[in-house]
Amino acid sequence: MQAITRTGQLLHVIIRVIVDWQMHSLKSSVSVCQKPLYFPGSIMTQVRTRIAPSPTGDPHVGTAYIALFNRNFAKQHNGQFVLRIEDTDQTRSTAKSETDILNALKWLGLDWDEGPDNGGPHGPYRQSQRSDIYREHINQLLDNGQAFHCFCTADRLNEVRAEQMANKQTPGYDGHCLSLSKEEVKTRLDNGESSVIRMRVPTDGECVFNDRLRGEIRINWSQIDMQVLMKSDNLPTYHFANVVDDHLMEITHVIRGEEWINSTPKHILLYQHFGWDVPEFCHMPLLRNPDKSKLSKRKNPTSINYYRDMGYVPEAVVNYLGMMGWTMPDGREMFSVDEMIDHFDIDRVSLGGPVFDVEKLNWLNGKYLRERFDDEAFMQAYAEWAFNPDKLKMVVPLIKERVERFSDVIPLAGFFLSGSLPLSEADFEHKSLQLEDSRRLLQFALWTFEGLPAWEREHISGACQKLAGFESLKIREALFPLFVAVTGKAVSVSVIDSMTALGLDVTRARLRDAINVLGGVSKKEAKRLEKQYRDFDSFDPEAS
RNA sequence: GUCCCCUUCGUCUAGAGGCCUAGGACACCGGGUUUUCAUCUCGGCAACAGGGGUUCGAAACCCCUAGGGGACGCCA
């Protein structure tokens, strides 16, 4: 009886296999029709990928993450990996940020074949230097009516949006300037009236495109806004510059964060307007905070420099990023970038948003230190980290006046070489400040520091003065919790100079640690504090 | 609010219809090694979001629901 059942089962299996096989070949023949123009590994087309960071802040681990996968994919197909600076936001882009990002990626070993520093045949690789190119291309779209001038004011647009939101409609441009005659546009332009250029978007139907990782994605054109392509400062927006540059730089595969899925139809439309081939899209999952929201510096250290300053080694950091959404086929967890490239398969990326888990990174970093560094290498790496001249230059003036022997240095300045400090509530006991006061001071300090225009001594000092003034405390009292949180002691070298030397990321991490030691801030309390903080924000220390 | 994406241990993940009584790693707990601790090592805890379908057979394919996330800027 059993034998019969088993034979039946076997028969089913065989039939199923044949049917599946036929289905499979059918499927692949269908998918060829919708397949993008570029076949990975094909001799015909050279694979080219890019990372396109915006130099508006600290080098973000998310940038490194996306860079890693782009670079892997290109290298694996003997293609090229390009770095392009997207600095079209003139108000936020800075040269320092650009340098920092380039250095951070290099530190991780993620170098590029073409970029602003090493050049290449498709330069310049900085969008701020490509204005003529965008001008030329936008004129094409204006000429054939696929783009139009818009003179609407920000106030009017805000009103329209508010109304649409209230009516539960998808907010978007209402087409107000679409009906302007050529003559009228010309007159207003000649009068020097401020304007932008928007793209025309179909009013109905849907945009169907293929994402390599997710398959077919359909988005109604009614969901797509008449995106601004050229701003009133005559610089392009991301959407426009990105498409023009990707085409001119012959990018074949656009591997980027999931946050771009909804704007992909705009990009595809632009490719079509220009009559260009559309690259293949791969939308990677977003790195997450422990609460699953998109990784943000408010909740988690996101700067690559933070990880460097905390004494992580680049091999471990990049290895860790490689295991976000991806695994080696054999399950190995420790691997170099080159090993990853050898076994890389972008189709094995898993799509759930990976939580950036510092604990596991710590374990991996420790494993590297133990297994990949012999005593000699460890000694050298540690010395380079701890006695980094740039860092030391800031620390020595602080401690020199206060030591009598070299043996005094570590007890006094050891906190410069530490990660988090071993603190307890007792460390925050103070004759006039309650623990609750300290907690509030630390939280306000944290928020103020985050809003500083730059991490420089005078700004930090100003913020502390303001904090003391707002709380009607002597500066000495207001700084007390900061001393404990940052240096580990109530009495130490200048805490303002110390924070300046430690950098915002490490300072932020210490303030957060201290707040947690003091019981943390509950959601309810955070709301209350935020309210108070608004008063603080508008507080003028000069006036009082 | 509208649209889009996603969903396997607390976390990172393996999984391509039968190799699944769901595997590995971090974290956690316990044993061994170690003068302590750490390392190392052995073991343990722990998951297919829910409901329908398709199938001889579903973690896997389809549908619905729920939950999470993202996007909706003259930011990128």
Side-chain angles (χ1 to χ4, degrees), chain A residues 5-6 8-13 15-17 19-20 23-24 52-57 60 63 86-93 127 150 152-154 157-158 161 164-173 194-198 206-207 211 213-215 217-220 222-225 227-242 256-265 283 285-286 288-294 320 322-334 347-348 350-364 366-367 369-371:
Chain A
T5 320
R6 199 162 285 165
Q9 246 180 18
L10 195 67
L11 204 66
H12 274 295
V13 170
I15 292 167
R16 210 62 228 178
V17 164
V19 170
D20 282 355
M23 291 293 282
H24 184 259
S54 172
T56 53
H60 199 280
T63 306
E86 307 226 329
D87 54 351
T88 54
D89 184 345
Q90 276 200 304
T91 52
R92 294 200 306 145
S93 298
Q127 289 183 331
C150 167
C152 294
T153 61
L157 295 173
N158 287 338
R161 252 178 233 126
Q164 286 164 331
M165 287 282 226
N167 293 337
K168 302 182 179 184
Q169 291 168 303
T170 309
Y173 186 65
S194 171
S195 72
V196 300
I197 299 171
R198 291 179 181 273
E206 60 181 358
C207 177
D211 178 283
L213 303 174
R214 293 155 206 266
I217 295 177
R218 300 168 162 268
I219 297 175
N220 269 307
S222 62
Q223 293 295 319
I224 309 299
D225 199 7
Q227 181 65 48
V228 171
L229 300 177
M230 293 295 270
K231 303 179 272 186
S232 52
D233 62 4
N234 274 320
L235 289 177
T237 57
Y238 165 85
H239 302 282
F240 187 59
N242 153 75
R256 60 184 176 189
E258 194 178 2
E259 53 198 331
W260 295 110
I261 291 178
N262 286 294
S263 35
T264 304
H283 290 99
L286 256 26
R288 310 288 185 97
N289 295 312
D291 68 1
K292 303 270 188 181
S293 57
K294 172 171 150 181
Y320 181 70
M323 52 204 254
M324 301 275 86
W326 197 79
T327 42
M328 276 291 212
D330 65 1
R332 234 182 314 166
E333 295 206 281
M334 200 179 188
D347 298 313
R348 286 188 60 251
S350 55
L351 297 176
V355 171
F356 193 95
D357 179 14
V358 181
E359 294 272 8
K360 189 151 183 174
L361 172 60
N362 289 345
W363 162 77
L364 190 64
K367 208 167 150 65
L369 258 21
R370 287 189 297 276
E371 295 177 15

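Treat the numbers as computed from the prediction; the structure is a model and nothing was measured. Each chain gets a letter, A, B and so on, in the order the sequences are listed, and its residues count up from 1.
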Worksheet item: Of the nucleotides A76(B), A27(B), C12(B), which has the atom closest to the R92(A) side chain?
Response: A76(B)
Worksheet item: Does G1(B) have a Watson-Crick or wobble mate here (both distances under 3.5 Å), and if so which one?
Response: C72(B)
Item to complete: Could you tell me whether R348(A) contacts a base, only the sugar-phosphate backbone, or nothing, with contacts defined as non-hydrogen atoms closer than 4.0 Å?
Response: sugar-phosphate
Discussion item. Does U2(B) have its OP1 or OP2 closer than 4.0 Å to a side-chain nitrogen or oxygen of R161(A)?
Written reply: no
Discussion item. Categorize G325(A) for me: base, sugar-phosphate, or nothing, with a 4.0 angstrom heavy-atom threshold over every strand shown.
Written reply: sugar-phosphate
Worksheet item: Mind checking the P distance from C26(B) to C40(B)? Whole angstroms is fine.
Response: 9 Å
Practice prompt. Check every strand shown and say whether R370(A) touches a base, only sugar-phosphate, or nothing at a heavy-atom separation below 4.0 Å.
Written response: sugar-phosphate
Worksheet item: Is any side-chain heavy atom of K367(A) closer than 4.5 Å to a side-chain heavy atom of E333(A)?
Response: no
Discussion item. Using the rule given for side-chain contact (heavy atoms from CB on, under 4.5 Å), can you reason through F356(A) versus L361(A), listing the C-alpha separation, both sets of side-chain angles and the distance that settles it, and then say yes or no?
Written reply: CA-CA 8 Å; F356(A) 193 95; L361(A) 172 60; 4.1 Å; yes
Worksheet item: What nucleotide among G70(B), A76(B), C74(B) has an atom nearest to a side-chain atom of Y238(A)?
Response: A76(B)
Worksheet item: Contact class for T88(A) (heavy atom, under 4.0 Å): base, sugar-phosphate, or nothing?
Response: sugar-phosphate
Discussion item. Would you measure the distance from the P atom in G1(B) across to the matching atom in A59(B) and give it in whole Å?
Written reply: 34 Å
Discussion item. Categorize C207(A) for me: base, sugar-phosphate, or nothing, with a 4.0 angstrom heavy-atom threshold over every strand shown.
Written reply: nothing
Worksheet item: With sugar-phosphate meaning primed atoms plus P, OP1 and OP2, does M230(A) contact a base, only sugar-phosphate, or nothing at under 4.0 Å between heavy atoms?
Response: nothing
Practice prompt. Could you state the atom-to-atom distance from CZ of F356(A) to P of U11(B) in whole Å?
Written response: 17 Å
Discussion item. Should the side chain of K360(A) and the base of A27(B) be counted as holding a donor-acceptor pair, with the cut-off at 3.5 Å?
Written reply: no
Response to the item:
pair_partner(A66(B)), Watson-Crick or wobble, both distances < 3.5 Å, evaluates to U7(B)
Item to complete: Can you check whether any acceptor in the base of C74(B) is under 3.5 Å from a donor in the side chain of S232(A), or vice versa?
Response: yes
Discussion item. Categorize P171(A) for me: base, sugar-phosphate, or nothing, with a 4.0 angstrom heavy-atom threshold over every strand shown.
Written reply: base
Worksheet item: Can you find a pair of side-chain heavy atoms, one from R256(A) and one from H283(A), that are under 4.5 Å apart?
Response: yes
Discussion item. Regarding E259(A) and K294(A), does a basic nitrogen lie under 4.0 Å from an acidic carboxylate oxygen?
Written reply: yes
Worksheet item: When the distance from CD1 of I224(A) to P of U2(B) is rounded to whole Å, what number comes out?
Response: 17 Å
Worksheet item: To the nearest angstrom, how far is Y320(A) atom OH from C12(B) atom P?
Response: 8 Å
Practice prompt. Find the distance L213(A):CG to A16(B):C1' and express it as a whole number of Å.
Written response: 15 Å
Response to the item:
Closest to the side chain of D89(A), out of A76(B), C26(B), G69(B), is A76(B)
Worksheet item: Within the distance-only criterion (no hydrogens, no angle test), does the side chain of T237(A) pair as donor or acceptor with the backbone N or O of V228(A) below 3.5 angstrom?
Response: yes
Discussion item. Both E371(A) and L351(A) contact RNA chain B. Which one's nearest nucleotide lies toward the 5' end?
Written reply: L351(A)
Worksheet entry | Euclidean distance for C1', C20(B) against G57(B) (whole angstrom) | 13 Å
Fill in: Integer angstrom distance from the P of U41(B) to that of C62(B)
41 Å
Discussion item. Taking any heavy-atom pair under 4.0 Å as a contact, classify V196(A): base, sugar-phosphate, or nothing.
Written reply: base
Worksheet item: Looking just at side-chain N and O atoms, do N220(A) and S222(A) make a donor-acceptor pair shorter than 3.5 Å?
Response: no
Item to complete: Say whether, by atom type as modelled, one donor and one acceptor occur between the side chain of N289(A) and the main chain of D291(A) under 3.5 angstrom.
Response: no
Item to complete: Please give the nucleotide sitting opposite U35(B) as a Watson-Crick or G-U wobble pair, both distances under 3.5 Å, or none.
Response: none
Fill in: G43(B): pairing nucleotide in any strand, Watson-Crick or G-U under 3.5 angstrom
C29(B)
Practice prompt. Figure out the NE2/P separation between H283(A) and G70(B), and round it to whole Å.
Written response: 16 Å
Discussion item. What's G353(A) touching, base or sugar-phosphate or nothing? Going by heavy atoms closer than 4.0 Å.
Written reply: sugar-phosphate
Item to complete: Between C56(B) and A71(B), how far apart are the P atoms? Round to whole Å, please.
Response: 45 Å
Worksheet, complete the sentence: Note: P285(A) and S350(A) closest approach over all heavy atoms is CG-O, 3.5 Å
Worksheet item: If the P atom of U33(B) is compared with that of U21(B), how far apart are they to the nearest Å?
Response: 38 Å
Worksheet item: If you measure from the P atom in C64(B) to the same atom in C3(B), how many Å do you get, rounded?
Response: 14 Å
Worksheet entry | Spacing between E258(A) atom CD and G68(B) atom C1', to the nearest angstrom | 11 Å
Item to complete: For G17(B), give its Watson-Crick or G-U wobble partner with both distances under 3.5 Å, or none.
Response: none
Fill in: Shortest side-chain distance from W363(A), nucleotide among A27(B), A76(B), C12(B)
A27(B)
Discussion item. Nearest to the side chain of E333(A), heavy atoms from C-beta on, is which of A76(B), A25(B), G68(B)?
Written reply: A25(B)
Show each protein N/O and nucleotides 29-34 of chain B N/O combination with a separation under 3.5 Å, one pair to a line.
none

Worksheet item: D225(A) side chain to Y173(A) main-chain N or O, any donor-acceptor pair under 3.5 Å?
Response: yes
Worksheet item: Considering only side-chain heavy atoms of S350(A), which listed nucleotide, C26(B), C6(B), A14(B), is closest?
Response: A14(B)
Discussion item. Would you call the rings of W260(A) and Y238(A) parallel, tilted or perpendicular, taking 30° and 60° as the class edges?
Written reply: parallel
Fill in: Pairwise C1' distance, C9(B) and A25(B) [rounded to whole Å]
12 Å
Discussion item. Please determine whether a side-chain nitrogen or oxygen atom of K231(A) lies at a distance below 4.0 Å from atom OP1 or OP2 of A76(B).
Written reply: yes
Worksheet item: At under 4.0 Å, does any side-chain N or O of K367(A) touch on OP1 or OP2 of U39(B)?
Response: no
Worksheet item: Across all strands, who's sitting opposite U54(B) as a Watson-Crick or G-U wobble pair, both distances under 3.5 Å?
Response: none
Discussion item. Is T327(A) close enough to A14(B) that one of its side-chain N or O atoms is under 4.0 Å from OP1 or OP2 there?
Written reply: yes
Practice prompt. Report the nucleotide, chosen from G70(B), A76(B), C12(B), that has the shortest atom-to-atom distance to any side-chain atom of S293(A).
Written response: G70(B)
Worksheet entry | Listed nucleotide nearest any side-chain atom of N262(A), set C4(B), U11(B), A76(B) | C4(B)
Item to complete: Report yes if some heavy atom in the side chain of K231(A) is under 4.5 Å from a heavy atom in the side chain of T88(A); otherwise report no.
Response: yes
Worksheet item: Short question: side chain of Y320(A), backbone of N362(A) - any donor-acceptor pair under 3.5 Å?
Response: no
Practice prompt. Please report, rounded to the nearest Å, how far the P atom of C74(B) is from the CZ atom of R198(A).
Written response: 6 Å
Worksheet item: In whole Å, what is the span from the CG atom of D330(A) to the P atom of G24(B)?
Response: 15 Å
Worksheet entry | Residue closer to the 5' end of RNA chain B, P329(A) versus C150(A) (nearest nucleotide) | P329(A)
